[in-house]
Amino acid sequence: MNWETLFKMQQQLDQRIETEHGLEQEDLFRKKVMALLVELGELANETRCFKFWSTKPPKEDEVILEEYVDGLHFILSLGLEKGYRYARQKGQQEVHQGGLTDQFHKVFGEIHLFQESPTDMHYQQLFETFLDLGVKLGFSEQSIQDAYYQKNEVNHQRQEDGY
């Protein structure tokens, strides 16, 4: 996947939002972390992976994928905020053992680690763990990229509409 293209698209969206809302001088890091946590919770809710008390099935894959890329928007934005880019190491992308609920716990943990210690190493770990979640959800890199493009367009339109 061409991550740099997604980082550039995210940077354009972030700059637009910051300019149009007068946020250029504001530190948005903690708000972006909170937004990511909320989006991840919304994603978990749509998968219903933790709802042991319910027999309702998860939402459709398209709904889950859209929620997933909402989270990706904030992960990219956090990287931009701190000057980091995701750099996959050759041979990486081995998905860790455990179920979907375990993977959500791992991502939540990595978000908190990055918030407390926003280093490049913690950013790389957060990104990898989030990508592992995408694999566990059954999404290909191409489907993630396509969904990101679509949602980014929606997010720009929302700015037009005063969302």
Are Leu131 and Glu141 close enough, and set up right, to give a side-chain contact (heavy atoms from CB on, under 4.5 Å), and what steps lead you there?
CA-CA 9 Å; Leu131 291 179; Glu141 285 189 354; 5.5 Å; no
Open item on the list: Please determine whether side chain to side chain donor-acceptor pair (under 3.5 Å) holds for the pair Asn155 and Gln159, giving the CA-CA distance in whole Å, both sets of side-chain angles, and the decisive distance to 0.1 Å.
Closed with: CA-CA 6 Å; Asn155 287 340; Gln159 291 305 304; over 6 Å; no
Begin from the C-alpha positions of Asp161 and Gln157 and carry the test side-chain contact (heavy atoms from CB on, under 4.5 Å) through to its verdict.
CA-CA 6 Å; Asp161 297 340; Gln157 186 59 51; 3.0 Å; yes
Worked check of side chain to side chain donor-acceptor pair (under 3.5 Å) between Lys106 and Thr129: CA-CA 7 Å; Lys106 288 176 187 174; Thr129 306; over 6 Å; no
- Message: Applying side-chain contact (heavy atoms from CB on, under 4.5 Å) to Lys31 and Glu26, what does each step give before you reach the verdict?
- Response: CA-CA 10 Å; Lys31 289 182 180 183; Glu26 203 167 317; 3.2 Å; yes
Start with the C-alpha gap between Asp14 and Lys32, add the side-chain angles, then the distance that decides, and say whether side-chain contact (heavy atoms from CB on, under 4.5 Å) holds. CA-CA 11 Å; Asp14 286 357; Lys32 289 178 182 181; 3.8 Å; yes
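If you chain together hydrophobic residues whose side chains sit under 4.5 Å apart, Phe74 and Leu28 never meet in one group. Taking hydrophobic clusters as Ile, Leu, Val, Met, Phe, Trp and Tyr residues chained together by side-chain heavy-atom distances below 4.5 Å, Leu100 shares a cluster with Val107. Criterion: ILVMFWY side-chain heavy atoms under 4.5 Å apart, direct or through other members. Under it, Phe139 and Leu126 are part of a common hydrophobic cluster. Cluster membership check: Leu76 does not share its hydrophobic cluster with Leu113, using side-chain heavy-atom separations under 4.5 Å among Ile, Leu, Val, Met, Phe, Trp and Tyr. Linking ILVMFWY side-chain heavy atoms closer than 4.5 Å, directly or via other members, places Phe114 and Trp3 in a single hydrophobic cluster.
Heavy atoms of other residues, nucleotides or ligands lying less than 6.0 angstrom from CE of Met34 number 12 at most. At most 12 non-hydrogen atoms from other residues, nucleotides or ligands lie less than 6.0 angstrom from NZ of Lys59. Heavy-atom contacts from other residues, nucleotides or ligands closer than 6.0 Å to NZ of Lys8 number 12 or fewer.
For the residue pair Leu23 and Ile17, the shortest heavy atom distance occurs at CD1-O, 4.4 Å. Considering all non-hydrogen atoms of both residues, Gln145 and Asn2 come closest at OE1-N, 4.0 Å. Considering every non-hydrogen atom in both Ile144 and Val69, the closest pair reads O-CG1, 3.7 Å.
The main-chain N or O of Cys49 is found under 3.5 Å from a side-chain atom of Thr47 such that the two form a donor-acceptor pair. A donor-acceptor pair under 3.5 Å is formed between the side chain of Ser143 and the backbone N or O of Ser140.
Contact check for Tyr123 versus Ile75: side-chain heavy atoms found under the 4.5 Å cut-off. You'll find the side chain of Val154 reaches within 4.5 Å of the side chain of Lys151, heavy atoms only. Two residues are said to be in side-chain contact when any heavy atoms from C-beta on lie closer than 4.5 Å; Glu4 and Arg85 meet this criterion. Side-chain contact check for Leu133 versus Leu40: some heavy-atom pair is nearer than 4.5 Å. Taking 4.5 Å as the limit, every side-chain heavy atom of Glu110 sits out of range of all side-chain heavy atoms of Phe127. Residues Leu43 and Phe104 meet the side-chain proximity criterion, which asks for heavy atoms closer than 4.5 Å. Inter-residue side-chain proximity for Leu72 and Glu39 is flagged as unmet; no heavy-atom pair is nearer than 4.5 Å. Proximity of Asn45 to Phe50: side-chain heavy atoms (C-beta onward) are separated by under 4.5 Å at one or more points.
With rounding to the nearest 0.5 angstrom, the CD1 atom of Ile64 is 9.0 Å from the CD atom of Glu62. Separation of atoms CD (Gln150) and CG (Leu65) is listed at 8.5 Å; rounding is to 0.5 Å. In this structure, the separation between NE2 on His112 and CG on Leu37 is 5.0 Å, given to the nearest 0.5 Å. In this structure, the separation between NE2 on His73 and CG on Asn152 is 4.0 Å, given to the nearest 0.5 Å. Rounded to the nearest 0.5 Å, atoms CD (Glu46) and CZ (Arg48) are 9.0 Å apart. Atom CG of Leu80 sits about 8.5 Å away from atom CD of Gln15, to the nearest 0.5 Å.
Asp146 and Gln142 are linked by a side-chain donor-acceptor pair at a separation below 3.5 angstrom, with hydrogens and angles left out of the test. Between the side chains of Tyr148 and Gln10, a donor-acceptor pair is found at a separation under 3.5 Å. A donor-acceptor contact closer than 3.5 angstrom is absent between the side chains of Tyr149 and Glu153.
Remark: aromatic rings of Tyr68 and Phe130 are close, center separation under 6.0 Å.
Salt bridge annotation for Glu160-Arg16: present, with a cationic side-chain nitrogen under 4.0 angstrom from a carboxylate oxygen.
In this structure, Lys82 forms a cation-pi arrangement with Phe29, its terminal cationic atom sitting closer than 6.0 Å to the ring centre and no more than 45° off the ring axis.
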